[in-house]
**Student:** 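Have a look at this one.
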There are 2 protein chains.
Amino acid sequence: MTKHARVSETSRHGDAHSVRMRNNIKILSAAEEVFAEKGFDGATTQEIADRAGLPKANVHYYFRTKKDIYLAVMSSIMAPWLEAFQAISAEDDPTEALGNYIRRKVMLSKERPLASRIFANEMIRGAPVLSEFLNSDLNDWVDEKVGILRQWAKRGKMDPIPPHHLFFVIWAATQTYADFEVQVCSILRRDRLTSGDFDTAADFITTLVLKGCGVRPSDQKTGRRSAKRTT
Amino acid sequence: MTKHARVSETSRHGDAHSVRMRNNIKILSAAEEVFAEKGFDGATTQEIADRAGLPKANVHYYFRTKKDIYLAVMSSIMAPWLEAFQAISAEDDPTEALGNYIRRKVMLSKERPLASRIFANEMIRGAPVLSEFLNSDLNDWVDEKVGILRQWAKRGKMDPIPPHHLFFVIWAATQTYADFEVQVCSILRRDRLTSGDFDTAADFITTLVLKGCGVRPSDQKTGRRSAKRTT
DNA sequence: GTCTATAGGCTGATAGAC
DNA sequence: GTCTATCAGCCTATAGAC
């Protein structure tokens, strides 16, 4: 009884070192790879199990269905994007706020390309699992940021552009370096993209957006090194 | 004998009205839908056959394997994009050439969104069938257009931006209206995108690129109506 | 919690009558 | 050219021994 009590104490599900937690992580990161490479239908629980180093039945012990795995992966994906997006504030200088946002989005394409591809796949397929999220939370958050762009325009800090479309373009331009990496690599003659490539991308997209939207350059120090043109 | 000769005359494979030709078209346009919605792995020959109004075995009579159907669909997809891309000429005024290219790309997202989604899926999966094309023909064609951008910059017609990346951004920004249509519709509160939405997109992306790259406005008549701001 | 064995269903593709 | 019937294989998911 004493022993049983101790064991159940140190292996509770929330424990960061429980077997359950470790296997959960193994399965989810294997699943992220497979879903990114093959899409939902192309992915098999067998391959997820193999990459996680577990028997298939064990995977189904932790996640009853393939869709459950997919849902868990999906919810882990959005957080960093939303965080970067939420950081845009009305009090910010537009140059800083947009520049930082674009740079952060490009770096997420560098650091978590699989996440970007899974999301892209989900959108292309018509958002079968994310449509509710799109129509509720995301809409509200975008509305708020659209309001900020309109304020900036009204105060003469930038041109009165169509604000939703600015986000569409920023999202597309930054995520293309993850989603279409093969194409980008092929055209730049790279085996894989370098840090310099991502810097060039971030600097160029920032220039395009700031100049293109007529954003007044701020006086304050930026702390941002200038572009190292790499092509 | 006479009859047989006549029949074989009017039903040759190249004949635009032969049964073979009609069924080929039925299968390929059904396949375009299914591949766009489900991806290569998610698509089934059964569903392609159903939407084409043919028994599955009949589909396999025209195309031996699913991959054969996919290849046929894929090759029909790229032509309009490449045509628009090839139209960019060194003699053109950059304002005209880039503006026309962007507008054409946006209109292709409107008119052939399925094609865009199939291509996006192919890229996300690492271009299993298109990688050879990417590394040969496309690379050469892009190189040529990159040269044109460099010439324009050297002649002071635009800023010296990283030319490859300008194409990456234009491709991403224009294609997002097809690939991520669900997201765009959700945020714009539309059931489907209107002609006005596509006009706004084309005008905005054009402004962003032309202003952002410091393209000198041309003096010549443009024949292009100005943006009807819709959002 | 782990894992072998297997159920039950769907898939791509073909055989062969018409 | 058309289409029914069918095969071999793989898939998700579970049963049940350990």
Side-chain angles (χ1 to χ4, degrees), chain A residues 3-28 30-31 34-35 37-73 128-129, chain B residues 3-28 30-31 33-35 37-74 128-129:
Chain A
K3 182 185 173 195
H4 177 269
R6 180 153 42 75
V7 168
S8 90
E9 186 65 22
T10 58
S11 62
R12 275 215 311 278
H13 297 175
D15 188 321
H17 295 89
S18 67
V19 175
R20 185 178 207 96
M21 187 60 70
R22 269 191 288 112
N23 281 345
N24 249 284
I25 292 172
K26 276 199 277 187
I27 292 167
L28 288 179
V34 181
F35 283 132
E37 289 171 24
K38 312 284 180 73
F40 181 80
D41 291 294
T44 66
T45 54
Q46 183 65 67
E47 188 169 0
I48 293 171
D50 290 346
R51 295 209 203 181
L54 295 169
K56 187 174 61 167
N58 209 342
V59 169
H60 280 289
Y61 169 75
Y62 287 99
F63 297 89
R64 201 177 62 84
T65 68
K66 184 165 91 163
K67 189 174 179 181
D68 287 341
I69 310 177
Y70 185 69
L71 285 167
V73 169
V129 327
Chain B
K3 183 185 176 194
H4 177 269
R6 179 152 44 76
V7 167
S8 90
E9 186 66 22
T10 58
S11 63
R12 274 215 311 278
H13 296 176
D15 188 320
H17 294 89
S18 67
V19 175
R20 184 175 208 98
M21 186 61 70
R22 270 190 288 111
N23 282 345
N24 249 286
I25 291 172
K26 275 199 276 184
I27 292 167
L28 289 179
E33 288 180 24
V34 180
F35 283 131
E37 288 171 25
K38 310 286 180 71
F40 180 81
D41 291 293
T44 65
T45 53
Q46 183 64 67
E47 188 169 359
I48 293 171
D50 290 347
R51 295 211 202 180
L54 296 169
K56 188 173 62 165
N58 208 340
V59 169
H60 280 289
Y61 169 76
Y62 287 99
F63 297 90
R64 200 177 61 85
T65 68
K66 184 165 90 163
K67 190 172 178 182
D68 288 340
I69 309 178
Y70 185 70
L71 286 168
V73 169
M74 192 61 77
V129 326

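Excluded from the calculations below are hydrogen atoms, water molecules and symmetry mates; all remaining heavy atoms, backbone and side chain alike, are included. From a predicted model like this one, the values you see are computed outputs, not experimental measurements. Throughout, protein chains are lettered first and strands after them, A, B, ... in sequence-line order, and every chain is numbered starting at 1.
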**Student:** Check the pair Glu47(B), Lys56(B) against salt bridge (Lys or Arg N to Asp or Glu O under 4.0 Å), reporting the backbone distance first and the verdict last.
**Tutor:** CA-CA 8 Å; Glu47(B) 188 169 359; Lys56(B) 188 173 62 165; over 6 Å; no
**Student:** With a cut-off of less than 4.0 Å, is there a side-chain N or O of Tyr62(A) near OP1 or OP2 of dG1(C)?
**Tutor:**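 Negative; the distance criterion is not met.
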**Student:** Go along nucleotides 3-15 of chain C 5' to 3' and tag each nucleotide: B for a protein heavy atom under 4.0 Å from its base, S when only backbone or sugar atoms are that close, - otherwise.
**Tutor:** BB------SBBBB
**Student:** If we ignore angles and hydrogens, is there a donor and acceptor under 3.5 Å between the side chains of Asn23(B) and Tyr62(B)?
**Tutor:** yes
**Student:** Give Phe63(B) one of three labels, base, sugar-phosphate or nothing, depending on what nucleic acid heavy atoms sit under 4.0 Å from its own.
**Tutor:**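 The answer is nothing, as Phe63(B) stays clear of every strand by at least 4.0 Å.
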**Student:** Can you list everything that forms a side-chain contact (heavy atoms from CB on, under 4.5 Å) with Arg64(B)? Sequence neighbours excluded, please.
**Tutor:**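 For Arg64(B) the side-chain contact (heavy atoms from CB on, under 4.5 Å) partners, ignoring immediate neighbours, are Asp68(B).
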**Student:** Can you classify the ring geometry of Phe35(B) versus Tyr70(B) as parallel (below 30°), tilted (30 to 60°) or perpendicular (above 60°)?
**Tutor:**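 Rings of Phe35(B) and Tyr70(B): perpendicular, over 60°.
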**Student:** Starting at NZ of Lys26(B) and ending at C1' of dT2(D), how long is that distance when rounded to a whole Å?
**Tutor:**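 These atoms are roughly 12 Å apart.
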**Student:** Looking at CZ of Phe63(A) and CG of Leu28(A), how far apart are the two atoms once the value is rounded to the nearest 0.5 Å?
**Tutor:** 4.0 Å
